[in-house]
Amino acid sequence: MSRYFTTPIYYVNDRPHIGHLYTTLVTDTLTRFHRLQGEDVRFLTGTDEHGQKIEKVAKKEGVAPIDVADRHAPTFRDLWKRFEVANDDFIRTTEPRHRVGVTELIRRLEAAGDLYVAGHEGWYCVGCEAFYPEKDLEDGKCPTHGTPPEWQKEENVFFRLSKYQEPLLALYEKGSVPGIPFVFPETRLNEVRSFVAAGLKDLSVSRTAIQWGIPFPGHPGHVVYVWLDALTNYLTALGLGSGDESLVSRYWPAGDERRVVHLVGKDILRFHAVYWPAFLMSAGLPLPTQVVSHGFWLKDARKMSKSVGNVVRPDALVDAFGVDALRWHLVSEMSFGQDASFSDEAFLVRYNSDLANGLGNTLSRAVRMAADAFGGKTPSERCDDNEVKRAAEAAVAAWDAAFRSCRLHEAAEAVRVLLGAIDGYITAKEPWKKVKAEGVTPALHRVHHNALEGLRVAACLLAPIAPGAAAEVLARLGAPKAAEAIGPSDLAWGGLPLGAPLAPAAPLFPRADAKAYFAEPSKEKPVTEETKPAAPAAAPIPPEAPAASPAPVPAPAATPAAPAETPRITVDDFFKADLRVAEIVAAEKVEKSKKLMKMTVRIGEEERTIVAGIATAYTGDQLVGRKVVVVANLLPAKLMGIESNGMVLAASLPGTGEPSLLAVDPSVPSGTKVK
RNA sequence: GGCGAUGUAGCUCAGUCGGUAGAGCGGGGGUCUCAUAAGCCCUGUGUCGGCGGUUCGAGUCCGCCCAUCGCCA
């Protein structure tokens, strides 16, 4: 069975962020899983380099578009290298092989009679590279970019997409391979189906307003529409139209023996699940097996956006905790297919519980005890009937099933369960007591063998997700093997060499001190693009906030950073915060919370709820009637399930961090602006 | 507005053919000590979004409503 996995090709105008990284890492994890099973796997990623945005940047800089592309493509390539992404090929749409393939595909569409020329004019957004009907504009501007569109007239080449409505619906019904839904997850398949069922219009597939693209064969002055260009990369990388199509026949499916899976973010699902199969049908080419769509990472439960400045770039976390820790976190934290929230706090909690306490500590105790007992060697007796073996076999089965049904987080869960079983086994057998009471017995050998052998299997299961860590664990167990060299036979019980060298080593994943990590000013906002918190909405978690806190606590923070270390802001930055005088009209302590106080405040005519961590210093009675200063335009945050809409200002007393509310002269009317 | 989902413990989620709810993490308390302040033990009275219906019995089926999200218009 051959398997061909692809990521989307990434537009080089964009700096890579966690979204690109996630798609690529998930694909890498899946390909590593299938390689480990001994299958013939190919993994493609690359960059999309044509289009108006690049053209404009180039013009602005006075350079050729290819120079812009050449400058940015390596940032993706290098990032994948850093994250141990093992792609077989990296395609750039500016490469000759791509142009050749796209030209060949278009020749086939033409031959099928599916291309025709028609006039077209309308409002055109440069950012979207798309026309908008008048009614879709907001105040005459592009709804996505908020920029004024240009009125453009074009004579375009059209593709008879409408012709493929019924064949596409049949595809969604039956799948390209029986039994495998064409789109994963099901809810996305429903979306695509209803989109197509609503009726398909023919698609404009050429552009005349742009020069930076692939010349449209037979239509001088036209370049190929971005998606017809980009999607085709999956085939041009295999050599479509090159004269040597051996890779096409090896990986592009024409039967049960080949599987093609496109991984995509949900935002570009339609292009992959509608346009792409339609192009292929027209060209008389086989269809991919499945389009797998994953959710988005949100930052602290909010959409990531450049304007909010909360785009996650996890460089600092990777610097501090390693590539494998991030890979593990991304795979296990997101329920695959759904959206998930990324936060540094959640990362540290998971790092400590799964990697430091779980994998790392279990490895440490097992290796140290065995090395001490057997003079720096692995046990010399094996054991083929015990609960660790049964746990390992169950874990392999669960892990296998999880990967095969795209439930990546459950594959990670299987590893955690196995590690827990090994840890529990060690605890139950108490080998540290046995060795004191009975000395080194055959039974002691067997106990240690089981623990170490269980860890060896766990490391193999970990390999697709965190290959570096997996290889390191194997090396420490005295069973060294590169992650890429692990094969199906390694999943079977009994691979640990007997009497092999074994030496304790420094902690694999040293426990992280969350408090210390966040207390360091340079690391307060390590993963976001903006380094200066411009508005309170983007304020970092206060250093003393509990690690489990779900959102920034809008409470006075005892920031240890000296004033001199705080970056200067402009007055404009300051005025982003809407400070108002408010009167507290009700206040009660949040049950189950030590320090949270739920208050109703009146700002002018408006009443709203604010939750703040001041219950250690004030009772509800002391607060009611009091006038305070609040940040009125803070994004809402949920604290202990209560939505808080603002932040009460208070001083943080030195040492204890105890809050002391800012006093306002009682005569100042509620709602008054503070500046 | 149309279509589709989702709403279960502080967080992330399981709950198969309907029999009055579970796991991991986090929190709190205790304890051992081989191990990375790790391990182990104890600790959850949750209106299973709301209302109504079917049923001997509903988180689980049906209807309506509310909230959130996605796709489309």
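Sequence lines set the chain letters: A, B, ... in the order given, protein chains first and strands last, and positions in each chain run from 1.
- Outside the 6.0 Å centre-distance limit, the rings of A/W227 and A/Y275 are not counted as a close aromatic pair.
- Using a 4.0 Å heavy-atom cutoff across all strands shown, A/D423 reaches sugar-phosphate atoms only and no base atom.
- For A/V349, the side-chain atoms get nearest to B/G26 when compared with the rest of B/U36, B/G70, B/G26.
- Looking at heavy-atom distances under 4.0 Å, A/S353 makes contact with sugar-phosphate atoms alone, never a base.
- Taking the C1' atom of each, B/U60 and B/G53 are spaced 15 Å apart, rounded to whole Å.
- In this structure, A/L168 CG and A/L161 CG are separated by 7.0 Å, a value rounded to the nearest 0.5 Å.
- Note that CG of A/L21 and OG1 of A/T7 are 11.5 Å apart. Values are rounded to the nearest 0.5 Å.
- Under the 30°/60° scheme for interplanar angles, the aromatic rings of A/W399 and A/F33 are found to stand perpendicular.
- Spacing between atom NE2 of A/H294 and atom C1' of B/C69 amounts to 17 Å, rounded to whole angstrom units.
- Listed nucleotides: B/G70, B/C3, B/C40. Nearest to the side chain of A/T427: B/C40.
- Remark: aromatic rings of A/Y351 and A/Y517 are distant, center separation not under 6.0 Å.
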key: Watson-Crick or G-U pairs under 3.5 Å in RNA chain B, rendered as dot-bracket with [ ] for crossing pairs and | for another strand   = (((((((..((((........)))).(((((.......))))).....(((((.......)))))))))))).

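- The listed nucleotides are B/A35, B/U33, B/A38; the one nearest the side chain of A/W432 is B/U33.
- Relative ring orientation between A/Y22 and A/H294 is described as perpendicular, the plane-to-plane angle rising above 60° on a 0-90° scale split at 30° and 60°.
- Picking from B/G70, B/C25, B/C13 the nucleotide with the shortest atom distance to the side chain of A/Q338 gives B/C13.
- In this structure, of B/A5, B/G39, B/C34, it is B/G39 that holds the atom nearest to the side chain of A/N361.
- As judged by a 4.0 angstrom heavy-atom cut-off over every strand, A/R350 is placed among residues making no nucleic acid contact.
- Residues A/K433 and A/G424 both approach RNA chain B. Their nearest nucleotides, taken by heavy-atom distance, put A/K433 toward the 5′ side.
- Comparing B/C65 with B/G26, their C1' atoms are spaced 35 Å from each other, to the whole Å.
- The side chain of A/N357 sits closest to B/A38 out of B/A38, B/C34, B/G70.
- On the C1' atoms, B/C13 is 15 Å away from B/G59, given to the nearest whole Å.
- With hydrogens and angles disregarded, a donor-acceptor distance shorter than 3.5 Å links the side chain of A/S176 to the backbone of A/P288.
- Using a 4.0 Å heavy-atom criterion, one finds that A/P510 contacts the bases of the nucleic acid, with or without backbone contacts as well.
- Among the protein residues, A/R511 comes within range of the nucleic acid bases, having at least one heavy atom under 4.0 Å from a base atom.
- Nucleic acid contact class of A/K434 (heavy atoms, under 4.0 Å, all strands): none.
- Each of A/T187 and A/L359 was assigned the nucleotide of RNA chain B with the nearest heavy atom; the assignment lying further toward the 5' end belongs to A/T187.
- Taking the six-membered ring wherever Trp is involved, the centroid distance between the rings of A/Y225 and A/F159 does not fall below 6.0 Å.
- Comparing B/C17 with B/C11, their P atoms are spaced 28 Å from each other, to the whole Å.
- When the shell of 6.0 Å around CD of A/E430 is examined, it contains more than 12 heavy atoms from other residues, nucleotides or ligands.
- For residues 271-279 of chain A, proximity to RNA chain B is found at no residue, defined as any non-hydrogen atom under 4.0 angstrom from a strand atom.
- What separates NE2 of A/H329 from C1' of B/G24 is a distance of 14 Å, to the nearest Å.
- Rounding to whole angstrom units, CZ of residue A/R193 and C1' of B/C72 are separated by 15 Å.
- B/C40 and B/A9: their P atoms are spaced 26 Å apart (whole Å).
- Here, B/G10 and B/C66 have their C1' atoms 24 Å apart, quoted to the whole Å.
- For A/A356, taking side-chain heavy atoms from C-beta onward, the closest of the listed nucleotides B/C3, B/A5, B/U36 is B/U36.
- A gap of 14 Å separates the C1' atoms of B/G24 and B/G44, to the nearest Å.
- Across B/A38, B/C71, B/C34, the shortest atom-to-atom separation from the side chain of A/M369 is found for B/C34.
- When the shell of 6.0 Å around NZ of A/K377 is examined, it contains 12 or fewer heavy atoms from other residues, nucleotides or ligands.
- When heavy atoms are screened at a 4.0 angstrom cut-off, A/L508 is found touching base atoms of the nucleic acid.
- When distances are taken from the side chain of A/N190 to each of B/A5, B/G39, B/C72, the shortest belongs to B/A5.
- The separation between A/F195 atom CZ and B/A5 atom P is 19 Å, rounded to whole Å.
- We find that NZ of A/K429 is positioned 20 Å from P of B/U33, with the value rounded to whole Å.
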